[in-house]
Amino acid sequence: MNIPAELKYTKDHEWVKIDGDVATVGITDFAQSELGDIVYVEVDTLDQTLDKDEVFGTVEAVKTVSDLFLPLSGEIIEFNEELESAPEDVNTDPYGKGWMVKIKLSSNDEVANLLSDEQYKELIGA
């Protein structure tokens, strides 16, 4: 199971990369493996400011649809439009080409509540 040490994680199986006041978000390798083949990623909250834990989109796999929960409060400033034509990038490269949104953080205070790679490994039993 690929769990990069430089990223932060949530209990909802999302990863977060912090770069100043912008966070890049995607789902973890564990999440994509549990979902199976991703066929569609929908994010209709671009340019909206949402609170932590609000639904910002959905990810559709062959057998299920799952909500995507915002790991940190802020404005959705970018959606990875490549996923509209290549949603399988979430399966093949979840931490690279499979990123989903970028958030301009409302505050960096919530970052401390994210999980480390070690805490996430413990959560999933890796």
S.K.: Can V101 and L46 be said to form a side chain to side chain contact (heavy atoms under 4.5 Å, CB included), step by step?
M.R.: CA-CA 9 Å; V101 293; L46 187 62; over 6 Å; no
S.K.: Only pairs at least two apart or in different chains count here, so list each ring pair (Phe, Tyr, Trp, His ring centres under 6.0 Å) that has a residue in residues 37-82.
M.R.: none
S.K.: Sequence neighbours excluded and cut-off under 3.5 Å, please list the side-chain donor-acceptor pairs for residues 59-67, or say none.
M.R.:
none

S.K.: Sequence neighbours excluded, which residues qualify as side chain to side chain donor-acceptor pair (under 3.5 Å) partners of D29?
M.R.: Q32
S.K.: Is there any salt bridge (Lys or Arg N to Asp or Glu O under 4.0 Å) pair reaching into residues 71-82, and which pairs are they, with sequence neighbours excluded?
M.R.: none
S.K.: Taking all non-hydrogen atoms of both residues into account, name the closest pair between N91 and I38 and its distance.
M.R.: OD1-N, 2.8 Å
S.K.: Are I103 and V16 connected, step by step, through hydrophobic side chains (Ile, Leu, Val, Met, Phe, Trp, Tyr) whose heavy atoms are closer than 4.5 Å?
M.R.: yes
S.K.: Members other than I77 in its cluster, when Ile, Leu, Val, Met, Phe, Trp, Tyr link by side-chain heavy atoms under 4.5 Å?
M.R.: V22
S.K.: Minimum heavy-atom separation for L114 to P71, with atom names?
M.R.: CD2-O, 4.2 Å
S.K.: Can you name the residues that form a side chain to side chain donor-acceptor pair (under 3.5 Å) with N80, not counting sequence neighbours?
M.R.: none
S.K.: Roughly how far apart are T28 OG1 and D117 CG, rounded to 0.5 Å?
M.R.: 12.5 Å
S.K.: Give a yes or no answer on whether the side chain of W15 reaches the backbone of P94 with a donor-acceptor pair at less than 3.5 Å.
M.R.: yes
S.K.: Taking side-chain contact (heavy atoms from CB on, under 4.5 Å) as the definition, give me every residue that meets it alongside Q48, ordered by chain and number, with sequence neighbours left out.
M.R.: T45, L50
S.K.: What residue pairs, at least two apart or across chains, pass side chain to side chain donor-acceptor pair (under 3.5 Å) with a residue in residues 94-113?
M.R.: D21-K104, S73-E110, S107-D109
S.K.: Determine whether I76 and V41 fall in the same hydrophobic cluster, where Ile, Leu, Val, Met, Phe, Trp and Tyr are linked whenever their side-chain heavy atoms lie under 4.5 Å apart.
M.R.: yes
S.K.: Drop me the distance from K52's NZ to L70's CG, to the nearest 0.5 angstrom.
M.R.: 9.5 Å
S.K.: Do V90 and L35 belong to the same hydrophobic cluster, where Ile, Leu, Val, Met, Phe, Trp and Tyr are linked whenever their side-chain heavy atoms lie under 4.5 Å apart, directly or via other members?
M.R.: yes
S.K.: Does anything in residues 30-47 pair up under salt bridge (Lys or Arg N to Asp or Glu O under 4.0 Å), and if so which pairs, sequence neighbours excluded?
M.R.: none
S.K.: Residues in side-chain contact (heavy atoms from CB on, under 4.5 Å) with E88, at least two apart?
M.R.: A86
S.K.: With sequence neighbours excluded, tell me which residues meet side-chain contact (heavy atoms from CB on, under 4.5 Å) with E118.
M.R.: S116, K121
S.K.: In terms of hydrophobic clustering (I, L, V, M, F, W, Y; side-chain heavy atoms under 4.5 Å; direct or indirect links), are I3 and L123 co-clustered?
M.R.: yes
S.K.: Is the number of heavy atoms from other residues, nucleotides or ligands within 6.0 Å of CD (E122) greater than 12?
M.R.: no
S.K.: Do V55 and L68 come close enough that some side-chain heavy atom pair is under 4.5 Å?
M.R.: no
S.K.: I need the full list of side chain to side chain donor-acceptor pair (under 3.5 Å) pairs touching residues 3-13, with sequence neighbours left out, sorted by first then second residue.
M.R.: H13-Y120
S.K.: Between the side chain of D93 and the main-chain N/O of G98, is any donor-acceptor distance below 3.5 Å?
M.R.: no
